[in-house]
Amino acid sequence: MNGDQLREALRDEMLSVTAPPHLNADGMLRSARRARTKRRAVRACAGSATAVLALAGVAGVVALSTPEGGDRRPPAALPQAAPPPSSDGSAEPMPTGPDGLPQEDRTARAGTRYDQAALLLDRLVTVVPDGYTAERTVSTETGKETLGTHEANFSGRADGVELWSYMASVDVTKGTWRGRLLTEVHTPGNLLPTEPCDLAREFWGMGGECQPMTVGEATVGVVVRPGSDDRFDQWVAYRHPDGVVVFVAQGAYDRQAPASPLPFTARQLAALAVDERLHLR
């Protein structure tokens, strides 16, 4: 085919093709916002994982996995899928984010719910006992120092009310001892058990040996000894009269090191569960 024949063939082909529809600017902007949110989430997760791995390399701690290959991360730190379909088979609608668009998954990355989780972390840091140090790490995303982690996750709806959980975790050290403190708060309307020990054993499905403990007029479920799941050494659970559920857990990272005192006694940990500083409304 010579040059004239090629040009003629191309011209005929172009004339036979239907013109594409006009671009929808609003749709393009929505797609761009969602893509930007997804990229930020991926970078944030990568930064958190890098910081934890770097800490493990320096301190020789087991932060992410058990010897059997299980995951030590809290459920809130794992990928959060969309809520399951409702009883009528339709998909559970996601909450609306501060940009006016539905969230892409369970985790809030901005707005009021995100701020509540950040507040919970701030308050958790204030309860670290004397003699223990809350460790700081450098964010690979911002280059700034961060203290602990926090997340807000959408759990679903009950009677039309949104259910949320807030998680905050901070690494603590004392000499050569290294471990973490973690609290998880569930908003009113949650479907968690009401009996204190049933509630405590429900935490991350870890079970354990539980004893009820009285703190003032409150009864707190205290798991004094973990079962086969030993991601923490002790944890407690309390349901406030307004329906808010508070879990508080503590544990060492290096289980091969000589036994060291945990930051709190079982009674002190139980008192934290009823402490108003961790009672988000």
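Computed from a predicted model, the values in this text were never measured in an experiment.
- A ring pair (Phe, Tyr, Trp, His ring centres under 6.0 Å) with H186 holds for exactly one of F203, F247, Y166; it is F247.
- Side-chain contact check for V245 versus L199: some heavy-atom pair is nearer than 4.5 Å.
- With R239 as the partner, the side chain to side chain donor-acceptor pair (under 3.5 Å) test is satisfied by one option alone out of N190, T219, T194: N190.
- When side chains are defined from C-beta on, V222 does not count as touching L269, because their heavy atoms never get closer than 4.5 Å.
- Residues V223 and V236 are not in side-chain contact: their nearest non-hydrogen atoms beyond the backbone lie 4.5 Å or more apart.
- Looking at E135 and R178, their side chains come closer than 4.5 Å, going by heavy atoms from C-beta outward.
- D115 has no carboxylate O lying under 4.0 Å from a charged side-chain N of R113, or vice versa, which leaves the two without a salt bridge.
- A 4.5 Å side-chain heavy-atom check between R281 and E276 finds at least one atom pair inside the cut-off.
- With hydrogens and angles disregarded, no donor-acceptor distance shorter than 3.5 Å links the side chain of Q103 to the backbone of T96.
- Contact check for M167 versus T183: no side-chain heavy atoms found under the 4.5 Å cut-off.
- Without hydrogens or angle criteria, D99 side chain to L101 main chain gives a donor-acceptor distance under 3.5 Å.
- M206 is listed as a side-chain neighbour of W235, based on a closest heavy-atom distance under 4.5 Å.
- Side chain of R180 to backbone of F232: no donor-acceptor contact under 3.5 angstrom is found.
- In this structure the side chain of H279 reaches within 4.5 angstrom of the side chain of V244, judged on heavy atoms.
- A side-chain N or O of T107 and one of N153 form a donor-acceptor pair less than 3.5 Å apart.
- When every heavy atom of W177 is checked against every heavy atom of A252, the shortest pair comes out as NE1-CB, 3.6 Å.
- A donor-acceptor pair under 3.5 Å is formed between the side chain of R123 and the backbone N or O of R277.
- The closest side-chain donor-acceptor pair between W164 and Q116, if any, does not fall under 3.5 angstrom.
- With R106 contributing its side chain and F154 its backbone, the two residues share a donor-acceptor pair below 3.5 Å.
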